[in-house]
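In what follows, a structure is listed as structure tokens, so that the remarks can point back to it.
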Amino acid sequence: MAVASYFYPPLAPYACDSRTSRGRLVAEPASPTRTEFHRDRDRIVHATAFRRLKHKTQVFVSPEGDHYRTRLTHTIEVAQIGRSLARALGLDEDLAETLALAHDLGHTPFGHTGEDALDEVMRPYGGFDHNAQSLRIVTRLERRYAGFDGLNLSWETLEGLVKHNGPLLAPDGTPTERYRARGIPVAILEYDALQPLDLATHASAEAQVAAIADDIAYDAADIDDGLRAGLFTLDDLGGAVPLARQFLDEIRARHPTLEKAREINELTRRVITRLVEDVITEATRAIGELAPASADDIRRCGRTLVQFSAPIRAYDEGIKAFLFANVYRHPRVVPIRRDAAGVVRDLFAAYFEHPSAMPPQWSAGVALLDEARRARRAADYIAGMTDRYALDEHRRLFAQTPDLR
């Protein structure tokens, strides 16, 4: 039974079309009710790793408060922005949403702090990279299906997951700048040997949409959470970022007596709207100049097409610099980040030296592994933890555990 035609919305010629997907590593019968990318989206949503995002840090460690964003709420916001951009550009919305929902599956507990700490202790064994970990999760670590490990996602989803930030290899086959110093993560190279992901080309336009949607969601959400946490004021932000100043002046001229909470909401709403509209305008212009006739024309054009205009790129860089100084390195946040990193380092040392401290499904067979694979097993286990579970495990294994508040 074929999928009904109404499941396939009209697409631009350069969009990915699930009817011409390059398929899955393990062949499966087509679904009679879902397109291939729709099916991928559903598999992500039902994955254990996706549910764990509910209790993983975005910026603020989850015990800090109920209303700050977690990795899950951030992911949902990225997916919403991604679908809006994909619709405006004539792309496959299901693929863009799938990539948005999957892009942070590999994040550790405690956000980028946890990732940095795990990368530090894994440095002698190939390091830790959350993009590579996302690929490990969807191709190996999820155990839901009788016929295969992982989720057996389509080639287009895996390609976008690995390459949404751009190619990993230069045209001459050497690693791009991001991977030049340390090489491409082993997990990506191992999977690429099974099902080549064309690491020297750009990803699809849908993957580029997911990447820029992540940037937009970060900018708006971290402003919102930072303001509500009292790490800086609206006027601090307006004084450092001209576009934010413009928005604040507009809001205050129209609503001079608006309370602070609504003023923050108005600001973040305007930030998202301006950035989304800018991406649509800039991407439409760039795609129009290229006139691609296929998704492969997007991949092979040698540049990212879905991006900000130069003025908004400058704003994006300015807001990230402001957030780095006033949120991620705020005196209230730095001690929490330091203690969270210590928790991750302690857990790794404990599991690496004493694998039996991990549950049986994780410790089974560790004695047969070499040192690098034993370290990777411990890293896989830690990376899958929620903030709360990591702290519980630390309390079980150590006499003192920091209070991350």
Side-chain angles (χ1 to χ4, degrees), residues 1-54 72-106 134-135 137-139 141-164 191 195 197 203-214 217 294-296 298-299 306:
M1 179 179 175
V3 180
S5 60
Y6 55 77
F7 282 98
Y8 297 97
L11 297 174
Y14 48 81
C16 287
D17 189 331
S18 64
R19 288 168 290 194
T20 58
S21 169
R22 299 194 200 181
R24 305 175 188 276
L25 183 63
V26 179
E28 297 183 63
S31 167
T33 58
R34 295 173 293 170
T35 71
E36 296 303 320
F37 303 149
H38 184 171
R39 200 176 189 184
D40 284 355
R41 191 268 310 276
D42 292 351
R43 290 185 178 189
I44 294 296
V45 169
H46 288 283
T48 302
F50 184 78
R51 292 197 298 276
R52 288 186 185 131
L53 297 178
K54 177 183 178 183
L72 179 61
T73 55
H74 163 73
T75 293
I76 293 169
E77 290 174 352
V78 175
Q80 176 264 322
I81 294 169
R83 283 198 77 101
S84 296
L85 290 170
R87 181 173 301 179
L89 297 173
L91 303 174
D92 189 289
E93 294 180 40
D94 286 335
L95 179 56
E97 182 181 19
T98 297
L99 292 168
L101 293 172
H103 83 283
D104 271 354
L105 290 179
S134 295
L135 183 68
I137 287 168
V138 301
T139 60
L141 298 180
E142 282 285 328
R143 305 288 174 90
R144 303 184 60 81
Y145 297 92
F148 45 80
D149 289 339
L151 305 179
N152 199 36
L153 303 175
S154 69
W155 183 91
E156 290 76 11
T157 294
L158 296 177
E159 178 223 20
L161 195 60
V162 168
K163 300 192 307 188
H164 63 272
Y191 189 83
Q195 188 183 30
L197 297 174
S204 65
E206 285 84 356
Q208 295 179 33
V209 157
I212 202 77
D214 188 26
S294 69
D296 281 342
I298 297 280
R299 294 184 174 101
V306 183

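None of the values given here were measured: they were computed from a predicted structure. In what follows, every heavy atom counts, from backbone to side chain, and hydrogens, waters and symmetry copies are set aside. The residues of the chain are indexed from 1 along the displayed sequence.
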### Summary
Residues passing the salt bridge (Lys or Arg N to Asp or Glu O under 4.0 Å) test with Arg52, sequence neighbours excluded, are none
### Query
With sequence neighbours excluded, what pairs up with Asp42 under the salt bridge (Lys or Arg N to Asp or Glu O under 4.0 Å) test?
Arg34
### Task
Quick one: list whatever passes salt bridge (Lys or Arg N to Asp or Glu O under 4.0 Å) with Asp92, sequence neighbours left out.
none
Tabulate below the donor-acceptor pairs under 3.5 Å that side-chain atoms of residues 144-151 make, not counting sequence neighbours, or state none.
{"residue": "Arg144", "atom": "NH1", "partner": "His46", "partner atom": "O", "Å": "3.1"}
{"residue": "Arg144", "atom": "NH2", "partner": "His46", "partner atom": "O", "Å": "3.3"}

### Task
Tell me, please, which residues at least two apart from Glu36 pass side chain to side chain contact (heavy atoms under 4.5 Å, CB included).
Ser18, Arg24, Ala30, Arg39
#### Entry: Pairing residues for Asn152 by the side chain to side chain donor-acceptor pair (under 3.5 Å) criterion, not counting sequence neighbours
Glu28
### Task
Apply side chain to side chain donor-acceptor pair (under 3.5 Å) to His103 and list each qualifying residue two or more places apart in sequence or on a separate chain.
Asp214
### Summary
Glu77 meets the salt bridge (Lys or Arg N to Asp or Glu O under 4.0 Å) criterion, sequence neighbours left out, with Arg69
### With Thr139 via side chain to side chain contact (heavy atoms under 4.5 Å, CB included) - residues at least two apart
Leu135, Leu158, Tyr191
### Message
Using the side chain to side chain donor-acceptor pair (under 3.5 Å) criterion, which residues pair with Gln208? Sequence neighbours excluded.
### Response
none
#### Entry: Partner set under side chain to side chain donor-acceptor pair (under 3.5 Å) for Ser134, not counting sequence neighbours
none
### Task
State which residues pass side chain to side chain contact (heavy atoms under 4.5 Å, CB included) with Ala207; sequence neighbours excluded, sorted by chain then number.
Leu99, His164, Ala203, Ser204
